[in-house]
Amino acid sequence: MKIAFVGKGGSGKTTLSSLFIRHLAAARVPVIAVDADINQHLGAALGLDEAEAATLPAMGAHLPLIKDYLRGTNPRIPSADSMIKTTPPGEGSRLLRVGEDNLVYDTCARTVELDDTRVRLMATGPFTESDLGVACYHSKVGAVELCLNHLVDGRKEYVVVDMTAGSDSFASGMFTRFDMTFLVAEPTRKGIAVYRQYKEYARDFGVPLKVVGNKVQGPDDLAFLRAEAGDDLLVTVGHSDWVRAMEKGRPTHFAYLEQANRRALETLHDTADAAYERRDWERYTRQMVHFHLKNAESWGNAKTGVDLAAQVDPAFVLFEGAATPQPA
């Protein structure tokens, strides 16, 4: 299951995604955590200190390796240089699975210990000084999109992505790559404005969206969110002493998270699991191809010097049982 956490900057998106990741890990669910935000804070939210977080490998820095691995023996992709962030898999492409070991995970993922469990953590990498004025952050996020395009995940397997804040999530087709999107909204006009914008953009693509109300302090906050989000409001989260201790670098065992907040995470888990029954791999593949062709025409063909439409394998549909060639 591929799950995205989105929302306004400062809404608590990273905190909620880290709590959900901890919840899944505590339930012994295989999970890969991905920090795709321009502000890289997911590692710290999962308990890494500043030095440890700084040593996380940047997926964007390893994009040539990722491309070369994923293209496998696909005859439609003669070189990694001709791949872009939206390149879809086809016959001969290597696919990624949550629980396996492979070159991409070996290079770009690190294991994070959480109490008596562990998760894999991947990160796009921070926006560096050398990028200022010459690079777009979405080129870094492209490594995540390419991996999601080649991911075959099943029931009770999770990839949780902490997305970049606000409407920047729509700067690529990655917003269509998820089985469920949780939008974290504060009970404020700004928080609801991001929700409305996200829902409007996502509507035409059938993106499943639920609102998680955060920083809810009383009945008035709850009534505001219910009035503005209606049935999209799934659950609310209030103050947490456990989270406050975690943010100070002194977390207790996750089992001590407040019961109300634990129940909220269980609701997120149940909602995400239920989304499995609505999976449509043909539509998923079709949307992947749609955005690839748009990017090819807009900038990809000019950048690579090749006709990227030729990378589309019309007979290929990504699905859980899809085969992948083994590394040589």
Could you give all pairs that pass the salt bridge (Lys or Arg N to Asp or Glu O under 4.0 Å) test and reach residues 48-71, with sequence neighbours left out?
Asp68-Arg71
So how far is it from Glu145 CD to Met59 CE, rounded to the nearest 0.5 Å?
11.5 Å
By salt bridge (charged side-chain N to carboxylate O under 4.0 Å, His left out) - contacts of Asp153 (at least two apart)
Lys2, Arg279
Between Lys156 and Asp273, is there a side-chain N and carboxylate O pair less than 4.0 Å apart?
yes
Mind checking ring-ring contact (aromatic ring centres under 6.0 Å, His included) for Tyr284 and listing every partner two or more places apart, or none if nothing turns up?
Trp281
Criterion side-chain contact (heavy atoms from CB on, under 4.5 Å) on Val31 and Phe20, from CA distance to verdict:
CA-CA 10 Å; Val31 57; Phe20 188 59; over 6 Å; no
Could you tell me whether the side chain of Val152 reaches within less than 4.5 Å of the side chain of Val98, counting heavy atoms only?
no
Non-hydrogen atoms of Leu257 and Ser240 that approach each other most closely:
CD1-OG, 3.7 Å
Under the salt bridge (charged side-chain N to carboxylate O under 4.0 Å, His left out) rule, what do Glu228 and Arg196 come out as? Steps first, then yes or no, please.
CA-CA 9 Å; Glu228 298 295 335; Arg196 288 175 177 160; 2.2 Å; yes
Just to verify, what does His23 make a ring-ring contact (aromatic ring centres under 6.0 Å, His included) with, not counting sequence neighbours?
His269
Partners meeting side chain to side chain contact (heavy atoms under 4.5 Å, CB included) with Tyr256 (sequence neighbours left out):
Trp242, Thr252, His253
Residue set satisfying side chain to side chain contact (heavy atoms under 4.5 Å, CB included) with Ala45, at least two apart, ordered chain then number -> Thr14, Ser18
Minimal non-hydrogen separation, Lys210 against Asp231, with atom names:
NZ-O, 3.4 Å
Electrostatic pair Arg226-Asp221, nearest N-O below 4.0 angstrom:
no
Look up atom CG in Leu121 and atom SG in Cys108, then write down how far apart they are to the nearest 0.5 Å.
11.5 Å
Do Arg262's NZ or CZ and the ring of Phe254 fall within the cation-pi criteria of under 6.0 Å and 45°?
yes
Where is the tightest heavy-atom contact between Gln40 and Gly125, given as atom of each residue plus distance?
OE1-N, 3.0 Å
Stepwise side-chain contact (heavy atoms from CB on, under 4.5 Å) test for Arg244 and Arg250:
CA-CA 9 Å; Arg244 181 61 60 88; Arg250 300 196 296 265; over 6 Å; no
Would you give the length of the straight line joining atom OG1 of Thr55 to atom CG of Leu48, rounded to the nearest 0.5 angstrom?
7.5 Å
Excluding sequence neighbours, so at least two apart, what forms side chain to side chain donor-acceptor pair (under 3.5 Å) with Asp313?
none
Is Met163 reachable from Val211 through a run of I, L, V, M, F, W or Y residues, each pair having side-chain heavy atoms under 4.5 Å apart?
yes
Go through the side-chain N and O atoms of Thr73 and Glu91 and say whether any donor and acceptor fall under 3.5 Å apart.
no
Taking ring-ring contact (aromatic ring centres under 6.0 Å, His included) as the test, write out the residues that go with Trp299, two or more places apart.
none
Side-chain heavy-atom pair Leu70, Leu96 within 4.5 angstrom cut-off:
yes
At their closest point, which heavy atom of Ala310 faces which heavy atom of Arg76, and how far apart are they?
O-NH1, 3.4 Å
Does Phe205 have any ring-ring contact (aromatic ring centres under 6.0 Å, His included) partners at least two apart in sequence or in another chain, and if so, which?
Phe175, Phe291
So which atom in Leu308 and which in Gly300 form the shortest heavy-atom distance, rounded to 0.1 Å?
CD1-C, 3.4 Å
pair Pro208-Thr181: side-chain heavy atoms closer than 4.5 Å
no
With a 4.5 Å heavy-atom cut-off, do Glu247 and Val243 have their side chains touching?
yes
Using the rule given for side-chain contact (heavy atoms from CB on, under 4.5 Å), can you reason through Leu151 versus Leu95, listing the C-alpha separation, both sets of side-chain angles and the distance that settles it, and then say yes or no?
CA-CA 6 Å; Leu151 178 70; Leu95 305 176; over 6 Å; no
Do the side chains of Leu42 and Ile21 get nearer than 4.5 Å, heavy atoms only?
yes
Decide if atom CD of Glu100 counts as having more than 12 heavy atoms of other residues, nucleotides or ligands within a radius under 6.0 Å.
yes
Smallest separation among heavy atoms of Arg94 and Tyr69, with atom names
NH1-O, 2.9 Å
Look at the side-chain heavy atoms of Ile, Leu, Val, Met, Phe, Trp and Tyr, link any pair under 4.5 Å apart, and say whether Val235 and Met180 land in one connected group.
yes
Do the side chains of Leu222 and Leu16 join up, straight or via other hydrophobic residues, at under 4.5 Å, putting them in one cluster?
no
His239 side chain reached by Asp241 side chain, heavy atoms, under 4.5 Å:
yes
Sidechain-backbone polar pair: Glu200 side chain, Gln197 backbone, donor-acceptor under 3.5 Å:
no
Side chains of Leu183 and Lys13: closer than 4.5 Å at any heavy-atom pair?
no
Straight-line distance of Arg155 CZ to Met1 CE, nearest 0.5 Å
8.0 Å
Other residues, nucleotides and ligands only: do more than 12 of their heavy atoms fall within 6.0 Å of CD on Glu297?
no
Does Leu148 belong to the same Ile/Leu/Val/Met/Phe/Trp/Tyr cluster as Met122, with side-chain heavy atoms less than 4.5 Å apart forming each link?
yes
Can you measure from CG (Asn74) to CE (Met83) and round to the nearest 0.5 angstrom?
8.0 Å
Those residues that, when tested against Lys303, pass salt bridge (charged side-chain N to carboxylate O under 4.0 Å, His left out) (two or more places apart)
none
Is Thr304 close to Asp81 at the side-chain level, that is, under 4.5 Å between some pair of heavy atoms?
no
My understanding is that only residues two or more places apart in sequence, or in another chain, count here; which of them pass side chain to side chain contact (heavy atoms under 4.5 Å, CB included) with Arg28?
Asp116, Thr117
Spatial distance of atom CD (Gln217) from atom CD (Glu186) [nearest 0.5 Å]
10.0 Å
Donor-acceptor check, side chain of Ser298 to backbone of Lys294, threshold 3.5 angstrom: yes or no?
no
Holding to side chain to side chain contact (heavy atoms under 4.5 Å, CB included), I want the full list of residues that pass it with Arg110, two or more places apart in sequence or in another chain.
Leu56, Pro57
Using distance alone, with no hydrogens and no angle criterion, decide if Ser11 and Asn214 have a side-chain donor and acceptor under 3.5 Å apart.
no
Hey, any chance Val207 and Leu233 share a hydrophobic cluster, counting ILVMFWY side chains that come within less than 4.5 Å of each other, even indirectly?
yes
Asp179 and Tyr158: side chain donor to acceptor below 3.5 Å
no
Hey, are Asp232 and Tyr195 close enough side-chain-wise for a donor-acceptor pair under 3.5 Å?
yes
